[in-house]
Amino acid sequence: IRLLLNNSILKALFAYRWDSILNFQHLCFAIIFTSILLYTGKQFAEGTNYLGYVCFLFMCDMGIYYLVFRLLVPKYYLANRYASFILTTLLLFLISSLFFILLLPVAFDLTLEEPTGLANFIYLIYSIQGFVILMAAFLGISKDKIRIEKDYTSLAIEKEQIQMDLLKSKLSPHFLLNTLHNIYVQSFTPSEETPSSILQLSRLLQYIIYDSSTEKVDFAKGLSIIKALHALYQMKFKHALNITYDIQHIERLNSIEIPP
């Protein structure tokens, strides 16, 4: 039940919403990051320098975000190369931070008033770069972890289905041979049950061959197969079985579907 539930949730997630969820995550990050840049940039630049500072830092950091999300996480983290992943992201953090600290004040004429202006700017750049890299790593890892869980769940469901199909392939010939033998024995004495038994066996074979491979069948059809099986076992045990059916609202059975 847990596997079926997990698989149905993941199947719906991937089939209908997963791409939208990923895009929504990226959009939320872009909005939050832009808000941070717009708010903090006012401390160091004005006018065209302010807009240039925000746009340049946004484009560069979105490239770093994409690099971590699309390249570093799949190449190192998912390959269990954790040391390489940590070392690479740390180098990326240090190099990008140093690049912005040296370039931005000169390129956009930032106002770094002493004694705290430069220190605040350096602290801000380190914080921004850490935020970008950590968010990209977190979203990239969570995305692939969910995909792995989905694949694992799908394999578990497929394994159960294969085991069920194997069980059916073993049971069906055994049951068929026994039933045919019972009908053969019954045919030596004139009986009205022989044609009925052949008809019930025909229904069972049709159900096994055609209907059991579908995902859902009508409840009424499933009930008719149970009754056909009941009739065959009654023939085998010479009506020694005492089985009764207590079914209410039988007119609703055609609207109910169950696994075969």
Side-chain angles (χ1 to χ4, degrees), residues 10 13-14 17-153:
L10 288 171
L13 181 66
F14 277 81
R17 300 188 179 95
W18 182 242
D19 290 337
S20 300
I21 289 176
L22 285 179
N23 293 332
F24 180 73
Q25 289 178 341
H26 298 324
L27 179 62
C28 288
F29 170 79
I31 293 174
I32 294 173
F33 183 59
T34 302
S35 301
I36 293 174
L37 293 181
L38 291 173
Y39 177 76
T40 58
K42 295 179 180 180
Q43 304 177 31
F44 308 105
E46 296 179 354
T48 56
N49 287 333
Y50 169 69
L51 295 177
Y53 162 82
V54 171
C55 293
F56 179 79
L57 195 56
F58 176 82
M59 289 187 294
C60 291
D61 275 332
M62 289 308 294
I64 293 173
Y65 175 89
Y66 183 86
L67 177 67
V68 175
F69 184 86
R70 292 291 186 184
L71 180 62
L72 298 186
V73 170
K75 185 176 181 179
Y76 295 114
Y77 187 88
L78 297 181
N80 296 329
R81 299 167 61 184
Y82 302 122
S84 298
F85 176 74
I86 294 174
L87 179 61
T88 305
T89 52
L90 182 60
L91 287 175
L92 181 62
F93 167 75
L94 294 175
I95 293 172
S96 62
S97 298
L98 182 61
F99 173 77
F100 290 132
I101 290 172
L102 295 177
L103 177 65
L104 292 178
V106 177
F108 299 101
D109 192 23
L110 301 184
T111 303
L112 304 178
E113 299 178 355
E114 296 294 341
T116 59
L118 180 60
N120 290 338
F121 175 71
I122 293 174
Y123 175 78
L124 175 64
I125 293 299
Y126 280 134
S127 300
I128 289 175
Q129 296 312 111
F131 172 73
V132 170
I133 292 175
L134 287 176
M135 286 301 299
F138 172 76
L139 293 177
I141 291 170
S142 62
K143 174 202 68 173
D144 288 290
K145 287 296 184 182
I146 292 178
R147 291 186 186 275
I148 292 172
E149 176 66 19
K150 183 251 184 183
D151 293 338
Y152 170 79
T153 306

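Side chains are part of it too, since the values below use all heavy atoms of this structure and drop only hydrogens, waters and symmetry mates.
- Each side chain to side chain donor-acceptor pair (under 3.5 Å) pair with one or both residues in residues 38-56, not counting sequence neighbours, would appear here, but there are none.
- Scored by the side chain to side chain contact (heavy atoms under 4.5 Å, CB included) test, L27 finds I31 as partners (sequence neighbours excluded).
- Nearest approach of A45 to L110, heavy atoms of both residues: CB-CD2, 3.6 Å.
- The CG atom of L37 lies 5.0 Å from the CG atom of L57; values are rounded to the nearest 0.5 Å.
- By the ring pair (Phe, Tyr, Trp, His ring centres under 6.0 Å) test, F108 is found to be paired with F56, residues two or more places apart in sequence or in another chain being considered.
- Proximity of a side-chain donor or acceptor of T89 to a complementary backbone N or O of I86 within less than 3.5 Å is detected.
- To the nearest 0.5 Å, atoms CG (L103) and CD1 (I125) are separated by 10.0 Å.
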Less than 3.5 Å apart, which donor and acceptor atoms pair up between the side chains of residues 60-75 and the rest of the protein, not counting sequence neighbours?
{"from": "D61", "atom 1": "OD1", "to": "Q129", "atom 2": "NE2", "distance (Å)": "2.9"}
{"from": "Y65", "atom 1": "OH", "to": "H26", "atom 2": "ND1", "distance (Å)": "2.8"}

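- Annotation: ring pair (Phe, Tyr, Trp, His ring centres under 6.0 Å) contacts of F58 (sequence neighbours excluded): none.
- Closest non-hydrogen pair, I101 versus I122, comes out as CD1-CG2, 3.8 Å.
- For residues 117-143, the set of pairs meeting the ring-ring contact (aromatic ring centres under 6.0 Å, His included) definition, not counting sequence neighbours, comprises F29-F131, F44-F121, F93-Y126.
- Note: L92 CG to I133 CD1 = 4.0 Å, rounded to the nearest 0.5 Å.
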